[in-house]
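Below: the structure, in structure tokens.
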Protein chains: 2
Amino acid sequence: MKTNKEEVLQKALAVIWEQGYHDTSFQDLSDACGINKSHFFHYFKGGKEDLMTEILQLTHEVYIGMLKRLAETKELNTDEKLQKIKEKLIKMYTAKGPGNGCLMANTSLETTGKNYKFTPIVQAFFRDFIHYMAVIYQERHPVEHAQSLAEEVVQEIEGAIMLMRVFHDTSYLERALTRANR
Amino acid sequence: MKTNKEEVLQKALAVIWEQGYHDTSFQDLSDACGINKSHFFHYFKGGKEDLMTEILQLTHEVYIGMLKRLAETKELNTDEKLQKIKEKLIKMYTAKGPGNGCLMANTSLETTGKNYKFTPIVQAFFRDFIHYMAVIYQERHPVEHAQSLAEEVVQEIEGAIMLMRVFHDTSYLERALTRANR
DNA sequence: GTCTATAGGCGGATAGAC
DNA sequence: GTCTATCCGCCTATAGAC
């Protein structure tokens, strides 16, 4: 079957987001992508960890890119920016139903303790997430307060995503994002 | 070697808390517990999932038991109760360093998508966590507000534990628990 | 670039002696 | 209750034909 790497990456992301890193085998992935198992080693020389690294980098680009563009635009006021973020994040985190949670958090928690090389990517994600939220809060609050506000809000969002997953109820995330307008 | 089930359970809990469910093999566990691999199937007829179930139940008892006792005591005022919870949770969640996070959250996120039987236990944990926090907040706030306050606070605590893990920095949890005095 | 075949290892689990 | 031995299957990864 004719495929390209981008497409494979997208489909693999969806499967791993749903099933988790450890619970997804190359068999699952090749079924989902319609390519042969061994073909993954052609695309991703370093095997599963390489594949996952690229998936996480892609996720970083999509989420943080969205945030950065919103934080830096002059076309919207603060209220509108926070509203837009709310809409986007709800859409992105519930696209596949309430059950998948945050891929970054999942991966981080799933790879506790042993030597995986995902930590820097996960750290960069949350650092940037907090950073761009702080940039927006600086439109209304002094710098130091904006920073701690951003940390609180990101924590609440991540906690809400986890409870959303556990109870299969999207309202946790909606309420947390409503409270994020401060 | 002479052992008993309780002891094995405690040690297995520590290893799985540190390494994660999927990344811990019976080999790891038998090394840590000083008993033979196959002995686990004597203690836990249903294999790894049974072992994990008992570990999660034990965790529920320890954490929720602590909360329940504090919520129901007449000996402390609200401030003192919240202070005590802060101290206890910091101690419990950072006992093995900042890197392990919340076993319930970890397990939940690690077992996305496939058919594990841990979901009800994890749900009970968070339901009870929120419940007893709400009981305490009712000393100061109307019932409905106490409930949503408890949900917010638990979300923030869980988000803080995750960031604590990611950045190896216990101050996230400390600040979240300081803000829990409302 | 895509496939077949297969290696090599480890993980969970069982049988059964003592 | 504890240990030895062992099975089976799956999983990651590689070699190599086309």
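Just so it is clear: chains get the letters A, B, ... in the order the sequence lines come, proteins before strands, and each one is counted from 1.
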For this session: Just compare C:dT2, C:dC3, D:dT2 and give me whichever is closest to any side-chain atom of A:Ser38.
Result: C:dC3
Exercise. Would you call A:Lys11-A:Glu7 a salt bridge at under 4.0 Å N-O?
Worked result: yes
Taking distance alone, no hydrogens or angles, what donor-acceptor pairs closer than 3.5 Å link side-chain atoms of residues 118-132 of chain A to residues at least two apart or in another chain?
| from | atom 1 | to | atom 2 | distance (Å) |
| --- | --- | --- | --- | --- |
| A:Gln123 | NE2 | B:Val166 | O | 2.9 |
| A:Asp128 | OD2 | A:His60 | NE2 | 2.9 |

Exercise. Between D:dG16 atom C1' and A:His42 atom NE2, what is the distance in whole Å?
Worked result: 14 Å
Exercise. How long is the line joining CG of B:Asp31 and C1' of D:dC3, in whole Å?
Worked result: 15 Å
Seminar exercise, completed: From CD of A:Glu49 across to C1' of D:dT12 the rounded distance in Å is 12 Å
Exercise. Just how far, in rounded Å, is P of C:dA13 from CG of B:Leu51?
Worked result: 10 Å
Exercise. To the nearest Å, how far apart are A:Ile35 CD1 and C:dT4 P?
Worked result: 13 Å
For this session: Could you pull out all residues at least two apart from A:His168 that satisfy ring-ring contact (aromatic ring centres under 6.0 Å, His included)?
Result: none
Exercise. Do B:Thr3 side-chain and D:dT2 base share a donor-acceptor contact under 3.5 Å?
Worked result: no
For this session: With sequence neighbours excluded, tell me which residues meet ring-ring contact (aromatic ring centres under 6.0 Å, His included) with A:Phe44.
Result: none
Exercise. What does B:Tyr43 touch in the nucleic acid at a heavy-atom separation under 4.0 angstrom: a base, only the sugar-phosphate, or nothing?
Worked result: sugar-phosphate
For this session: Tell me, please, which residues at least two apart from A:Thr24 pass side chain to side chain contact (heavy atoms under 4.5 Å, CB included).
Result: A:Val15, A:Ile16, A:Gln19, A:Asp28, A:Leu29
Exercise. Listed by chain and number, what are the side-chain hydrogen bond (donor to acceptor under 3.5 Å, both in side chains) partners of A:Ser38, not counting sequence neighbours?
Worked result: A:Asn36
For this session: Please tell me if the side chains of B:Arg175 and B:Ser171 come closer than 4.5 Å, counting only heavy atoms from C-beta onward.
Result: yes
For this session: Can you tell me the distance, in whole Å, between the CZ atom of A:Phe40 and the C1' atom of D:dC11?
Result: 14 Å
Exercise. Once you round it to whole Å, what is the distance between P of C:dT2 and NZ of A:Lys5?
Worked result: 13 Å
Distances for protein N or O near nucleotides 6-12 of chain C N or O, under 3.5 Å:
| from | atom 1 | to | atom 2 | distance (Å) |
| --- | --- | --- | --- | --- |
| C:dG12 | OP1 | B:Lys48 | NZ | 2.8 |
| C:dG12 | OP2 | B:Phe26 | N | 2.9 |

Exercise. Which whole-number value in Å describes the distance from B:His39 NE2 to C:dA17 P?
Worked result: 18 Å
